[in-house]
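Below is one structure, written out as structure tokens; the observations come after it.
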Amino acid sequence: MSLSELTLTQAREKLKKRECSAVELTRALLERIDRLEPQIGAYINVFPERALAQAERADQRLARGEEGLLTGIPLAVKDVISTRGLPTTCASRMLARYRPPYDAAVITRLEEEGYVLLGKANLDEFAMGSSTENSALQTTRNPWDKEAVPGGSSGGSAAAVAAAECLGALGSDTGGSVRQPAAHCGVVGLKPTYGRVSRFGLVAYASSLDQIGPLSKTVADSALLLQAIAGHDFRDSTSAPRAVPDYLKELERGVRGLRLGLPREYFIKEGMDSEVEAAVRGAVKHLEGLGAECLEISLPHTPYAIAVYYIIAMAEASSNLARYDGVKYGFREAESRGLLEMYQKTRSQGFGPEVIRRIMLGTYVLSAGYYDAYYRKASQVRTLIIRDFQEAFEKVDLLLTPVAPTPAFRQGEKTADPLQMYLTDIFTISANLAGIPGIALPCGFSAGGLPIGFQILGNYFEEVRLLQAARAFEQATDYHLRRPNL
Ligand code: GLN
């Protein structure tokens, strides 16, 4: 097996036993990146020299026997997470040449654990989208089928993991952007509980929904990455001052005796691909076979989730993106007469069409005349969605659902109709509205050879249980072992 094909857990073992060095491992991945990037386009920027220097330091650390959780492990990071002195573009013209003067909290943590940063991964501009097609900088292709999208917005991170162009990656999930691309690329994606991971240095899209999460080949790798990045941070006042459990130690507990709820509203026929439904039902059967008890439950406010999400996300986005005005940092259109024209030209040329659409709609729903009708109403319905979950978790331990209604769609298939694109988020956005954790993992393939994933949702801070159930499923199946032919 070549080094790039290793799981993160296997690579860690090899490094520990000195069966390979961090430099060798990093070289193997850089070579694979060189070979595959022309077809995949997962990375916006790759940092070969820097990565090799980091790997050398990791080898020294390993030699001293002082390794951390990720010493010498080469990773990709979504380009919406700030890296000091390195481009952090958000896949936008607005920040194409921006280099932050500080590291995101998760980057500091990864550094402490000794990781190697291979490069920054492509995304939908400012993480707004479900296919990575809104990137203003480049196209990312699905490693399983180059005509298909990788999903989004963390499509670069998911494609890089699936194509073995890194051993794991970080993404961000505002409405499904870790879980959905993970499902479309046949890898594991975890959105932690809101507040579990610091958002300090994550470029804000919708602050009450955003959360950073890992993408990886296996559930154990996901647990390891979460272990490295979770925890309180005084610089993010919404991060939770709660102890971080040992995710790896508790991983093997299985699902025997757990009650799994199947939300009726997530198994609707309309718009749902029959292969996806069959694969998810298959996963349910499997978990029952492993000793879980499955029962149907209801999350009655699910039909309102898309409308609520897009009002709240756009409102918050319009406020968060006001900072890109050509004055403070980022792109500025120099050919302007006066301040107002400079603002107008900078913002209309710096942002792509989807970002502009969201800023305009977000401004509208927050405006004095419409605030009550849209933003306030959406916030009220959000509370009802939260209650749905609270009631469900009184009856069951975990929820089991599809991740997306279809496997990855074709490049260009939905770009002309934003509403069609928004509708594909139906199964992932409620977890963000409620702030609960969710994990997506592979459970099948379409006849066309595209991966299909399913989702496990848990109550607040129950990542341990989520990972246990996902691990039990993964151990009993071999979907995660299949790799695209590249
Ligand atoms: N597709 C959703 C959106 O466009 C979610 C994106 C995300 O999670 N960042 O807002």
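In what follows, every heavy atom counts, from backbone to side chain, and hydrogens, waters and symmetry copies are set aside. Start at 1 and go down the list; that is how both ligands and their atoms are numbered.
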* Heavy atoms under 4.0 Å from ligand 1: which residues qualify? -> Ala127, Met128, Gly129, Ser130, Ser153, Asp173, Thr174, Gly175, Gly176, Ser177, Tyr205, Tyr309, Tyr310, Arg358, Asp425

Enumerate, atom names and distances included, each donor-acceptor pair closer than 3.5 Å involving a side-chain atom of residues 348-358, sequence neighbours excluded.
residue : atom : partner : partner atom : Å
Ser348  : OG   : Gln344  : O            : 2.7
Glu354  : OE1  : Arg357  : NH1          : 2.3
Glu354  : OE2  : Arg358  : NE           : 2.7
Glu354  : OE2  : Arg358  : NH2          : 3.3
Glu354  : OE2  : Tyr422  : OH           : 2.6
Arg358  : NH1  : Tyr205  : OH           : 2.5

Cation-aromatic face contact [X]/[Y], 6.0 Å, 45 degrees:
X: Lys120; Y: Tyr43; value: no
X: Arg347; Y: Tyr324; value: no
X: Arg93; Y: Phe331; value: yes

* Partners passing side-chain hydrogen bond (donor to acceptor under 3.5 Å, both in side chains) against Asp233 (at least two apart in sequence or in another chain) -> Ser198, Arg235

* **Contacts of type side-chain hydrogen bond (donor to acceptor under 3.5 Å, both in side chains), residue Ser216, not counting sequence neighbours** => none

